[in-house]
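Letters go in sequence order (proteins before strands), and every chain restarts at 1.
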Amino acid sequence: MPIKAIKLRHPWRMVFAVLLVVIFVSVVVDAALRPAYDWPAVGKYLFDRRISQAAVVTLQLTVYSMVIAIVLGVILAVMRLSPNPVVKSLAWFYLWIFRGTPVYVQLTIWGLISLIYSSIDIGIPFMDPWVSFSTNAALSTFTIAIIGLALNEAAYMAEIVRAGLLAVDRGQEEAATALGMSWSQTMTRVILPQSMRVIIPPTGNEVISMLKTTSLVTAVPFSFELFTRSRDISAETFNPIPLLIVASIWYLFFTSILMVGQHFLEKRFARGVGDRQPDRKDAVGTGTGTLTGVVPVVDSGQPSVIAPPRQDDPPANPGGVK
Amino acid sequence: MTDVNTQAGASVTIPPMVLAEQVSKSFGSNEVLKSITLEVKRGEVMCLVGPSGSGKSTFLRCINHLEVLSAGRLSVDGELIGYREANGKLYEMAPKEAARQRRDIGMVFQRFNLFPHMTALQNVMEAPIRVKGLPKAQVEQSALDLLARVGLAERANYYPAHLSGGQQQRVAIARALAMEPKLMLFDEPTSALDPELVGEVLDVMKGLAKSGMTMIVVTHEMGFAKEVADSLVFMDGGVVVEAGDPDEILTNPQHRRTQAFLSKVL
């Protein structure tokens, strides 16, 4: 017998919601009509070639530097957990330097690298180098921007990965060891896949953060990414606001895609945990999508029964002829 | 040591499966094992019992070198564990060699320690593929056979989180057996289980014992010890207090500490 009770009313919720909707709509309407936003210009520049190329460059900066940062971060995290005190302190020192100084300052210093080291020599120290490059020739500003972003990010990734590794139960390592698996097999097959569940959400955060941090590479100076590019265009047109909106729309577009990607990665690495439903691989996709069963209908003496459509049943009204 | 007369008449010495000689283990100043000397024959089922903190689990973990001995010698199937001996000197083993020794020693843990991101079948298949490098198709067939043997053929594609404790522990036993070990170590395999699930795990272990597997079982299940074990060892405070025939020790313990312990658990 279902409980019949008069629902508790929440009048203030309603008032509040209406108020917020009114404020939101009026802000939107106001913005649409305000000439300073110059919406026609937004539309004109949104798919401007220079802007879309800059958007691709921004994406490249993000992807390259994040990939390097994740690899370096894993290495640093494993170093920090190493029993060797020298290796451990070295990783700690790296973190101290790269996490302790602003990324803008680091990028500026990287931009001046050719003043500090005019050539890159490969060889044995204090001997004639085997190969020698001029720093300016070897490192483009694009490369320097990636190095600067990646090395800074690696320090943060190292802490994220370390937290993930520590979150895996010690018994897992023991079980793998007892089976005769080597340390690297234990890491790659048992520990790392499980730590992914802990590592991915904050890493997704870092990717989104990196996408926006790329706007700082103007310090290198590298000027072909989204923000600097739109600033440069507006410097010619003397109309900065629509171009800032254009850049923001592109950033929002990319972060939205990244959020969707993160959702699927999280789902993938949460397999085996987090859900309590029997999850046999061969049981996937057995639902027919047809509603069957008994549905109670109000005021009808008997429950109506919905049967699944049968193959051999003739259509109720073939050809639409009565 | 067992002396066997071969048909040629020559006497060949077959080493016992496990031989521990004055094995000691300390964690800092805490001496957990004090000069343990034990022998486990081939095909023998030995139960290790005793109060918590008596060192039984530590001793078990020394056998597959999860713990490093502080003193003494321990060999499995005539091979020294964790060290190489040459010219009267001991050399510490490289991790790779230690891993090779562990392949032949199966271990079952109190908390199952199944890999949660793999299905039951993948758990069983992992080590034969990665460690032994066997072809996948062959491993899959024998893994399915093993799961059938522990009564879990239907559950092959379930993740551990969707299995009961007893089912998880049976998968863990199948996982250890997949490496075709010559020795199985059980570290309180039923202590983390609901009472109603203990039986199914013990049944699998009984079957394994019948098949002739050499087993060392740390347990609180005296009924199992009485029924299945060939020998029973009672440990307390890091020493072997009493060892011998299970029936005799359980019905007529000689030592006062054994009497006190058994009066509480039986």
Side-chain angles (χ1 to χ4, degrees), chain A residues 74 78 81-84 87 161 164-201 203 264-286, chain B residues 60-61 63-67 94-133 154-163 171-172 175-181 184-185 187 192:
Chain A
V74 171
V78 173
L81 297 173
S82 154
N84 183 333
V87 172
V161 174
L165 294 178
L166 290 177
V168 178
D169 182 45
R170 263 198 64 84
Q172 292 291 310
E173 193 186 337
E174 279 190 352
T177 309
L179 283 168
M181 290 169 82
S182 68
W183 182 84
S184 59
Q185 282 173 334
T186 304
M187 270 294 162
T188 53
R189 297 289 307 170
V190 177
I191 310 289
L192 272 173
Q194 290 184 58
S195 58
M196 282 301 178
R197 204 170 48 84
V198 181
I199 291 172
I200 284 173
T203 303
F264 283 105
L265 270 179
E266 279 180 29
K267 248 181 120 170
R268 158 94 184 131
F269 282 99
R271 83 206 124 110
V273 280
D275 55 339
R276 291 282 144 208
Q277 292 297 309
D279 179 18
R280 283 174 306 154
K281 276 182 174 172
D282 53 3
V284 173
T286 51
Chain B
L60 206 66
R61 294 159 59 84
I63 297 176
N64 68 353
H65 210 227
L66 280 181
E67 302 284 356
K96 213 176 165 181
E97 292 173 82
R100 183 187 53 75
Q101 289 186 327
R102 288 194 192 99
R103 284 183 191 193
D104 300 333
I105 306 173
M107 185 155 190
V108 175
F109 299 86
Q110 183 179 356
R111 305 245 15 124
F112 329 135
N113 296 350
L114 287 181
F115 306 134
H117 58 303
M118 300 181 192
T119 62
L121 183 64
Q122 287 167 338
N123 263 282
V124 180
M125 290 168 64
E126 182 66 14
I129 291 178
R130 303 286 151 186
V131 179
K132 284 191 168 170
E154 317 273 87
R155 298 280 191 268
N157 290 322
Y158 278 59
Y159 284 104
H162 303 138
L163 298 173
V171 174
R175 179 176 71 173
L177 290 176
M179 290 297 283
E180 296 174 329
M184 284 285 287
L185 308 174
D187 189 4

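- Looking only at distances, no side-chain donor or acceptor of A:E174 sits under 3.5 Å from a matching main-chain atom of B:L66.
- Nearest heavy-atom pair across B:P116 and A:Q194 is CG-OE1, 3.2 Å.
- More than 12 non-hydrogen atoms from other residues, nucleotides or ligands lie less than 6.0 angstrom from CD of B:E97.
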(message) With side chain to side chain contact (heavy atoms under 4.5 Å, CB included) as the criterion, how do A:M181 and B:E126 come out once you've worked through the C-alpha distance, each side chain's angles and the decisive distance to 0.1 Å?
(response) CA-CA 9 Å; A:M181 290 169 82; B:E126 182 66 14; 3.8 Å; yes
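- Taking each heavy atom of B:V131 and A:Q185 in turn, the nearest pair found is CG2-OE1, 4.1 Å.
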(request) May I have the step-by-step check of side chain to side chain contact (heavy atoms under 4.5 Å, CB included) for A:D169 and B:N113, ending in yes or no? (result) CA-CA 9 Å; A:D169 182 45; B:N113 296 350; 4.1 Å; yes
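- Annotation: the span from B:R175 atom CZ to A:L179 atom CG amounts to 5.0 Å, rounded to 0.5 Å.
- More than 12 heavy atoms of other residues, nucleotides or ligands sit less than 6.0 Å from atom NZ of B:K132.
- In this structure, the portions of B:R130 lying under 4.5 Å from any heavy atom of chain A include both its backbone and its side chain.
- Proximity to chain A is absent for every atom of B:Q101, based on heavy atoms less than 4.5 angstrom apart.
- No donor-acceptor pair under 3.5 Å is formed between the side chain of B:H65 and the backbone N or O of A:A178.
- The two residues B:F109 and A:A175 make their nearest non-hydrogen contact at CE1-CA, 3.6 Å.
- Listed for the A:Q172 side chain is a donor-acceptor partner under 3.5 Å among the backbone atoms of B:L114.
- Of all the listed residues (B:M179, B:R102, B:R155, B:M118), the one sharing the greatest number of non-hydrogen pairs under 4.5 Å with chain A is B:R102.
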